[in-house]
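These numbers were taken from a predicted model, which means no experiment stands behind them.
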Amino acid sequence: MSLRLRLILLGLATLVLVPCFGSVIGHIPGFGSEIPAYGELINQIGPAERRVANMVSAINFDIRGLDTLGEEFMLLAAIAGTVVLLRGQRGTDTADTAIRLPGRPLVPRAEAVTLVCRIFGPLIAVFGLYIVLHATVTPGGGFQGGVILASGTMLIYLGEGYAGWRRSVLSGWLDAMEGGGALVFTLCGLGPMLVGAAFMENVLPLGTYKNMLSGGLILIENLGVALAVTGGFTQLFLEFMEETREPAEGEDTPSE
């Protein structure tokens with residue numbers, strides 16, 4: 001596709017989308033305005049019928065769980081497409097080394113940087129798990145916690161360098177987490193049908209309101225999202241960081 005054609009398509013898309021964005025923004029309720037009827041209904045359903053205190057989780061994983069399932073596969077497709085475009089000739093050899101650009105001095109990593117990353121890496125992982133596990137009680141959930149967990153892996157790269165990062169972050173495990181998380185969410189929809197319930201109907205015990213293990217099927221769906229998001233975003237980070245890898249013999253360098 002030529003540059004001229006791309007610019008024409010961009011201009012047409014802008015003409016269509018900008019007025020739509022303006023209309024949506026103009027109809028957003030003002031800050032502090034009354035909660036619409038839909039919000040009031042959700043606040044009644046969540047605690048009484050699902051035993052959850054986080055209404056966002058009640059919407060995402062139960063009331064509008066089918067929408068979230070579609071979004072899950074959109075994320076899966078987007079990450080798979082990005083990986084296919086970026087992966088190129090990269091394999092899974094953990095013995096690969098970082099690239100050394102001619103004329104650029106190699107600055108050794110400060111011990112303070114390594115120490116800070118080793119201290120905060122586990123803390124970020126624990127915080128991410130906390131956000132995932134308390135999806136039905138406090139703000140957060142599988143997506144937010146998954147992003148935190150994935151972001152925490154970048155401290156391995158900053159603190160241990162490319163070699164340590166490559167030995168710790170394995171693409172095979174990330175692929176399994178991403179695909180497995182989407183599969184778990186799908187099975188949460190198909191599973192209830194095996195016992196005569198509707199697709200994604202919450203058939204598990206709901207537990208106690210404001211308890212971490214409340215929500216029934218919401219807990220499993222939340223776990224599936226956490227696995228998919230953690231694996232998917234870390235996979236993206238891995239592919240981006242592979243741009244700093246020393247190319248194998250006969251392989252193009254990033255500048256080429």
Side-chain angles (χ1 to χ4, degrees), residues 75-76 78-135 137-181 212 222-223 225-256:
L75 176 65
L76 179 64
I79 292 176
T82 303
V83 169
V84 168
L85 291 174
L86 293 179
R87 178 161 292 184
Q89 302 178 20
R90 181 183 69 75
T92 56
D93 187 1
T94 57
D96 289 339
T97 58
I99 193 172
R100 297 289 180 259
L101 297 179
R104 178 175 294 181
L106 179 61
V107 180
R109 181 174 290 96
E111 293 182 355
V113 172
T114 301
L115 177 62
V116 169
C117 290
R118 289 180 179 180
I119 291 175
F120 282 95
L123 294 178
I124 290 178
V126 171
F127 180 65
L129 290 174
Y130 169 85
I131 295 296
V132 170
L133 295 176
H134 288 78
V137 182
T138 59
F143 190 93
Q144 297 89 333
V147 172
I148 293 172
L149 290 170
S151 301
T153 63
M154 293 303 299
L155 292 181
I156 302 176
Y157 181 86
L158 296 175
E160 310 300 328
Y162 179 87
W165 158 268
R166 200 64 187 85
R167 287 192 300 268
S168 303
V169 181
L170 304 178
S171 59
W173 283 99
L174 300 177
D175 292 338
M177 290 176 62
E178 183 184 7
M212 188 181 75
N222 176 68
L223 176 61
V225 170
L227 288 173
V229 171
T230 302
F233 275 81
T234 308
Q235 185 71 273
L236 287 182
F237 297 153
L238 174 60
E239 298 304 330
F240 291 141
M241 292 300 101
E242 284 302 301
E243 299 299 313
T244 68
R245 175 179 60 88
E246 180 70 36
E249 185 176 354
E251 187 179 353
D252 293 339
T253 61
S255 61
E256 296 174 339

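We find the CE-CD1 distance between Met154 and Ile124 to be 11.5 Å, quoted to the nearest 0.5 Å. Between the CD1 atom in Ile156 and the CZ atom in Arg166 there is a gap of 12.0 Å [rounded to 0.5 Å]. For the atom pair Ile148 CD1 and Leu129 CG, the distance stands at 10.0 Å (nearest 0.5 Å). How far OG1 of Thr82 is from CZ of Phe240: 6.5 Å, rounded to the nearest 0.5 Å.
Residue pairs meeting the salt bridge (Lys or Arg N to Asp or Glu O under 4.0 Å) criterion with at least one partner in residues 142-158, sequence neighbours excluded, do not occur; the list is empty.
Partners of Phe120 under the ring-ring contact (aromatic ring centres under 6.0 Å, His included) rule, at least two apart in sequence or in another chain, do not exist in this structure. Taking the side chain to side chain contact (heavy atoms under 4.5 Å, CB included) definition, one finds that Leu158 meets it with Cys117, Leu155, sequence neighbours left out. Applying the side chain to side chain contact (heavy atoms under 4.5 Å, CB included) rule to Val147 yields the partners Phe143, Ser151, Val229, Phe233; only residues at least two apart in sequence or on another chain are considered. Residues satisfying the side chain to side chain contact (heavy atoms under 4.5 Å, CB included) test with Thr230, not counting sequence neighbours, are Leu149, Met177, Thr234. Partners of Gln144 by side chain to side chain donor-acceptor pair (under 3.5 Å), not counting sequence neighbours: none found. Contacts of Thr114 classified as side chain to side chain contact (heavy atoms under 4.5 Å, CB included), with partners at least two apart in sequence or in another chain: Arg109, Arg118, Glu160.
Contact between Ser171 and Leu238 at its shortest, heavy atoms only, is CB-CD2, 3.7 Å. Of all heavy-atom pairs spanning Leu75 and Glu178, the tightest one is O-OE2, 4.2 Å. The two residues Ala135 and Asn222 have their closest heavy-atom pair at CB-OD1, 3.4 Å.
Between Val83 and Gln235, the closest side-chain pair of non-hydrogen atoms falls below 4.5 Å.
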